[in-house]
Amino acid sequence: MNYWLMKSEPGECSVDDALAAKNSTVPWVGVRNYQARNFMRDDMKVGDGVLFYHSSCAEPGIVGMAQVATTPYPDATQFDPESPYYDAKSKPAEPRWTLVDVQVIKKTRNLTLPELRATPALAELLMLKKGNRLSITPVTKEHWQVISQLL
DNA sequence: GCCAACGTTGGC
DNA sequence: GCCAACGTTGGC
């Protein structure tokens, strides 16, 4: 069992949007970074723990607990010319971008970015590291437990 | 809107 | 394979 932190812009898909979806489950569309894709494609397992993070918004922070709900499959938006995530170089026979579905288990308070930064036990949390822009990062069991206590 | 930091692209 | 130019992320 692995743990992850996954960023979503609330303007695109907030934790409330996910909760409102069928089975509180959403396909994690739009990842166009190879490292983040590889985490979904190669390392995620159904049932893995996910911290749902709101980015690019007024109060960035962890807003929910979720889990990986499916095995990887192609991101449909890459083939849709109308989608902002369209990738003309990706062919259905060889999809470049894969995703998993994420199921929200519960909405939590907003454990904000300043709070995360102020927690010494989270100093090594990957998403807090300088320059890290990855939308999906692994979380250690220790960090997961610390964050669970704070939520 | 700014900017630091990183990723991707493409010429060579 | 190098690297400059450009694009993107994401906090502020």
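Side chains are part of it too, since the values below use all heavy atoms of this structure and drop only hydrogens, waters and symmetry mates. Reminder, nothing fancy here: chain letters follow the sequence lines and each chain counts from 1. Bear in mind that the values here come from a model prediction, so they are computed numbers and not experimental data.
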Counterpart residues, salt bridge (Lys or Arg N to Asp or Glu O under 4.0 Å), relative to A/K107 (two or more places apart): A/D16
Under 4.5 Å side-chain linkage, directly or through intermediates, the cluster mates of A/Y34: A/W97
Connected hydrophobic set around A/Y86, excluding itself, where side chains approach under 4.5 Å: none
Of residues 3-13 of chain A, the positions that come close to DNA chain C - non-hydrogen atoms, cut-off under 4.0 Å: A/K7
Contact list for DNA chain C against residues 84-94 of chain A - heavy-atom distance below 4.0 Å: none
Residues forming a ring-ring contact (aromatic ring centres under 6.0 Å, His included) with A/Y53, sequence neighbours excluded: none
Non-neighbouring partners of A/H143 that pass ring-ring contact (aromatic ring centres under 6.0 Å, His included), sequence neighbours left out: none
Side chain to side chain contact (heavy atoms under 4.5 Å, CB included) against A/D48, all qualifying residues, sequence neighbours excluded: A/N2, A/W4, A/M44, A/K45, A/V68
Non-neighbouring partners of A/K89 that pass side chain to side chain contact (heavy atoms under 4.5 Å, CB included), sequence neighbours left out: A/D87, A/R96
Closest non-hydrogen atom pair, A/K129 against A/A123: CE-O, 4.2 Å
Closest heavy-atom pair and its distance - A/A36, A/L134: N-CD2, 4.0 Å
Derivation and outcome, salt bridge (charged side-chain N to carboxylate O under 4.0 Å, His left out), residues A/K7 and A/E12: CA-CA 11 Å; A/K7 298 181 185 175; A/E12 291 287 321; over 6 Å; no
Contact state string [nucleotides 2-7 of chain B, B base, S sugar-phosphate only, - no protein heavy atom under 4.0 Å]: ---BBS
Qualifying side-chain hydrogen bond (donor to acceptor under 3.5 Å, both in side chains) pairs, either residue in residues 59-70 of chain A, two or more places apart: A/Q67-A/Q103
For atom CG of A/N38 and atom P of B/dT8, their distance in whole Å: 10 Å
For DNA chain B, the residues among residues 114-128 of chain A that have a non-hydrogen atom under 4.0 Å from it: none
Stepwise ring-ring contact (aromatic ring centres under 6.0 Å, His included) test for A/W28 and A/Y73: CA-CA 11 Å; A/W28 209 261; A/Y73 65 96; over 10 Å; no
